[in-house]
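Just below is one structure, and these are the notes that go with it.
Throughout, a chain's letter reflects where its sequence line sits, starting with A, and its residues are numbered from 1.
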Amino acid sequence: MPQLHFNGTAIELPPGQSVLDGLLEHGHAIANSCRAGACQACLMQATEGDLPPQAQIGLKPTQASQGYFLACQCRPEKPLSVRLPDMAEHRHAAVVTELQPLSEQVMAVSVRPEGDYPYRPGQYTTLWRDDGLGRSYSLASVPGVDAELRFHVRRVPNGRFSGWVFDQLRPGQRIDLQCATGDCVYLPEYGDDDLLLVGTATGLAPLYGILREALRQGHRGAIHLLHGAYDPQGLYLRDELGDLADRHPHIHYHAAVLEAGDSDVTVAQVDGLALEQLSGLNNPVAYLCGAPDFVQGLRKRLFLAGMAMNRIHADAFLPAAANTASTS
Amino acid sequence: MTSLYERIGGAQAVDLAVENFYRKVLTDDRISHFFDGVDMDAQIAKQKGFLTMVFGGPHSYTGQNMRDGHKHLVARGLNDSHVDAVIELLGQTLAELGVADSDIAEIAAIANSVRDDVLDR
């Protein structure tokens, strides 16, 4: 069994167990959220020993070279010494400046970080409450266009973080941000290609950022934004997106729901609509954001329809793991 | 004399073939169910390793990791007919890319050489 050294103690890790699970089992409070290698809440640093490559997927090269790794993805086969990183290096202090309801279910949270906070529209980060509860959200804002960072927070039934955002968070309160990460971003080389942006629920947030970043960079190809929700109440930013489509002839906005009630919204599966659109597109590039089943399913169908994998950007919104431990 | 790997185009040929091959595998009713729910990025990386090996290129496959990597599928019923299907789809992919029949036969023979490891016998 590989030995794990942490805070002056040694733990025997059963084969296949992650560093995160090992430390939690032995009573160490290690911050974590998605437990799938996405949120980077469980970032740690190795001081001695070899890291499995899997433990550093998604980290910046500068972080990887300094031994940073994700504890939930690290299943060492050899002895390893680890420590909690100096969080000041990886988190940014920020102030909440505005809370604006976009619908009954979605709150736009505007945040002003202290100092520089480099990010690209469509990337995601983790927001931290001061007691160590953290959740990942995508950036819907665009640097150079929007003065502040903007996130779309959906009220999750019994959600600890989203419930707090809706019921207790107020402008002026402080919040911490992880460094922005993720490669669901616009690339200038796509300038003449047609973009297929498909999202469910708050999967619209990164797409809204990517769409406006493409416009900022003078995108010339067509842009199709498809937003799906269960019912019309799950749609939001409809007026803004309708205005954008009116002002820019190459932007096409389609909303679809499964249950329309007495509204006139199209009733359709948004992934089916996306596949219908695909055949008319010129050199398509796809961005898929939202529920994991939707994202993985549509990704596979677009690939089978002939799209190259490296032209399908996907961001599956993972739910927070049920039994998260907080740092305090 | 050039090697098989050089003759068919090396790493470039692997990149050209891998997505076409994977599409065929995912849509073939005989074998697609073995790939339900797998991570597509990880799977494409594995397919690249497999193609590099059967193309006669530099690879790190061993009989042992072929065994370990397929044991869970053998438990789910993986047998000779599925290996046959994979080799058939491989041949189709290569024929569509214009690889010569003699080279396809050589590649199929390399794929066949790991059959017993894959089926854990």
What are the residues of residues 11-24 of chain B, in order of number, with any heavy atom under 4.5 angstrom from a heavy atom of chain A? B:Glu19, B:Tyr22, B:Arg23
With chain A as the partner chain, list the residues of residues 79-89 of chain B whose heavy atoms fall under 4.5 Å from it, by residue number, and write 'none' if nothing qualifies. none
Atom CG of residue position A:Asp192 - does it have more than 12 heavy atoms of other residues, nucleotides or ligands inside 6.0 Å? yes
More than 12 non-hydrogen atoms from neighbouring residues, nucleotides or ligands closer than 6.0 Å to CD on A:Gln3, yes or no? yes
Considering heavy atoms only, which positions within residues 110-121 of chain B lie below 4.5 Å of chain A? none
Per-residue contacts, residues 298-307 of chain A versus chain B, heavy atoms under 4.5 Å: A:Arg299, A:Lys300, A:Phe303, A:Leu304, A:Gly306, A:Met307
Heavy-atom side-chain contact between A:Gln296 and B:Asp39 under 4.5 Å: no
